[in-house]
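In what follows, a structure is listed as structure tokens, so that the remarks can point back to it.
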Amino acid sequence: MRQLIWSTLAILLVVSPLDAQTRTIAERLGYPRTAKLLILHADDLGVAHSENAASFDALDKGAVNSASVMMPTPWVTEVARYAQAHPNHDIGLHLTLTSEWNTYRWGGLAPRDQVPSLYDLDGTFPRGTDSVAGRAKIAEVERELRAQIDRAYAMGIRPTHVDSHMGALFETPELFGTYARVARSYKLPFLPFLGGPSAANLAQLTPNDIVPDAVIMASQKGTPQEWLKYYLDAVGNLKPGLTWIGVHLGYDDAELRAVTVGWDAWGSTWRQQDYDVLTSAEFRQALKNNNVVLVTWREIQKAMYPTP
């Protein structure tokens with residue numbers, strides 16, 4: 001039996017001594033100290049129509065309450081139209097410096113001659129985060145991140161947060177520092193890690209930052225039965241505080257199979273299984289049984305940057 005591995009990691013927030021003694025994240029967001037707060041987040045909007053359609057359906061049904069879009073991808077215009085039609089939905093930006101698929105490629109939004117260290121020789125972003133960590137110049141990273149955020153606003157998307165595609169911006173303290181600085185300059189909360197927190201990165205958090213205590217994302221493929229069990233177990237094991245569960249939603253159709261060709265993990269079958277579980281009656285019931293409170297990045301944004 002294949003094991004589905006979860007990354008569930010608690011982190012200690014950098015807060016002032018007074019806040020550490022008196023106010024938890026839940027309390028800062030207006031909930032009891034013991035509340036189990038959860039963000040159910042759909043990644044990778046913009047990659048394909050299938051990805052968008054499944055994610056929009058899940059958002060409309062309340063099966064997820066957060067999503068983020070990859071601004072350099074081909075189907076981003078569809079996301080922009082959806083965001084404008086649903087201004088209260090929690091849609092952020094999945095800041096993108098990689099292009100991982102075998103035959104389906106993209107580059108960035110800043111002028112290419114101004115960010116040459118971000119590109120492979122074929123004129124697209126690299127497939128792996130190691131290339132970003134090894135050669136991307138920090139000034140060029142910042143230029144590209146700002147181009148992606150500015151394009152979102154220009155297209156009518158009002159992002160509620162930012163996160164990092166494939167965790168590329170968590171790879172080094174310099175990349176993370178740039179990511180956090182850019183996010184704060186736009187008054188956007190941000191996801192702080194995937195896979196494992198870095199002490200050097202966490203040291204750059206400020207007392208005003210509100211970030212999840214724990215991050216959960218499947219990292220190995222399983223059968224549909226295993227898939228459901230591990231998601232239900234993840235909900236059953238939630239602790240008081242703020243948890244983020246990241247999923248990748250899509251329909252296992254010809255389009256998404258072509259996009260993800262050659263990939264087993266995170267392929268079209270994976271994304272269909274994520275959709276099936278998150279929209280299932282069993283998953284909804286698990287949330288109720290465990291007294292889970294769904295919160296959004298929009299709430300976090302308001303707490304971090306209150307309107308005068």
Side-chain angles (χ1 to χ4, degrees), residues 43-47 68-77 79-80 91-206 209 211 246 259 266 297 301:
D43 263 355
D44 290 0
L45 273 67
V47 166
S68 58
V69 56
M70 302 169 68
M71 293 307 300
T73 54
W75 280 87
V76 68
T77 301
V79 181
I91 297 177
L93 305 181
H94 202 41
L95 297 173
T96 303
L97 296 176
T98 53
S99 177
E100 70 272 27
W101 306 114
N102 293 332
T103 57
Y104 184 70
R105 318 285 299 147
W106 53 74
L109 299 182
R112 191 168 301 176
D113 61 352
Q114 295 181 18
V115 290
S117 70
L118 306 187
Y119 283 86
D120 276 349
L121 293 177
D122 66 0
T124 65
F125 280 163
R127 287 182 169 83
T129 60
D130 55 340
S131 295
V132 178
R135 70 171 190 240
K137 295 181 179 178
I138 293 301
E140 295 179 15
V141 169
E142 179 166 351
R143 188 172 293 123
E144 177 60 32
L145 298 186
R146 291 187 180 278
Q148 292 183 22
I149 297 172
D150 291 343
R151 178 68 63 84
Y153 281 108
M155 294 182 71
I157 299 172
R158 296 295 180 262
T160 57
H161 68 282
V162 293
D163 49 52
S164 175
H165 182 52
M166 299 175 67
L169 292 163
F170 310 144
E171 288 288 308
T172 69
E174 293 76 18
L175 286 168
F176 182 82
T178 300
Y179 161 73
R181 183 175 66 255
V182 169
R184 294 183 191 116
S185 73
Y186 288 89
K187 296 185 177 181
L188 296 172
F190 53 90
L191 190 73
F193 64 87
L194 285 175
S198 157
N201 290 354
L202 298 184
Q204 299 184 64
L205 295 178
T206 72
D209 294 326
V211 298
V259 167
W266 291 285
W297 286 107
Q301 185 180 36

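- Among residue pairs with one or both ends in residues 152-181, those qualifying as salt bridge (Lys or Arg N to Asp or Glu O under 4.0 Å) are Glu142-Arg181; sequence neighbours excluded.
- By the salt bridge (charged side-chain N to carboxylate O under 4.0 Å, His left out) test, Glu140 is found to be paired with no residue, residues two or more places apart in sequence or in another chain being considered.
- A centroid separation of less than 6.0 Å is found between the aromatic rings of Phe170 and Tyr179.
- Trp266 contributes atom CH2, which lies 11.0 Å from atom CG of Asp43 (distance to the nearest 0.5 angstrom).
- Residues passing the salt bridge (charged side-chain N to carboxylate O under 4.0 Å, His left out) test with Arg105, sequence neighbours excluded: none.
- Remark: Tyr186 pairs with Asp150 by the side chain to side chain donor-acceptor pair (under 3.5 Å) rule, at least two apart or across chains.
- Not a single donor-acceptor pair under 3.5 Å links the side chain of Arg151 to the backbone N or O of Met71.
- Between Arg127 and Asp122 there is no salt bridge, since no side-chain nitrogen of the basic residue lies less than 4.0 Å from a carboxylate oxygen of the acidic one.
- Judged by distance alone, the side chain of Thr96 and the main-chain N or O of His94 form a donor-acceptor pair under 3.5 Å.
- Of the possible donor and acceptor atoms, one in the side chain of Thr73 sits under 3.5 Å from a partner among the backbone N and O of Gly46.
- Under the rule for a side chain to side chain donor-acceptor pair (under 3.5 Å), Asn102 has no partner lying at least two apart in sequence or in another chain.
- Ring geometry, Phe125 versus Tyr119: the interplanar angle falls from 30° to 60°, so the pair is classed tilted.
- With sequence neighbours excluded, the residues that form a salt bridge (charged side-chain N to carboxylate O under 4.0 Å, His left out) with Asp44 are Arg271.
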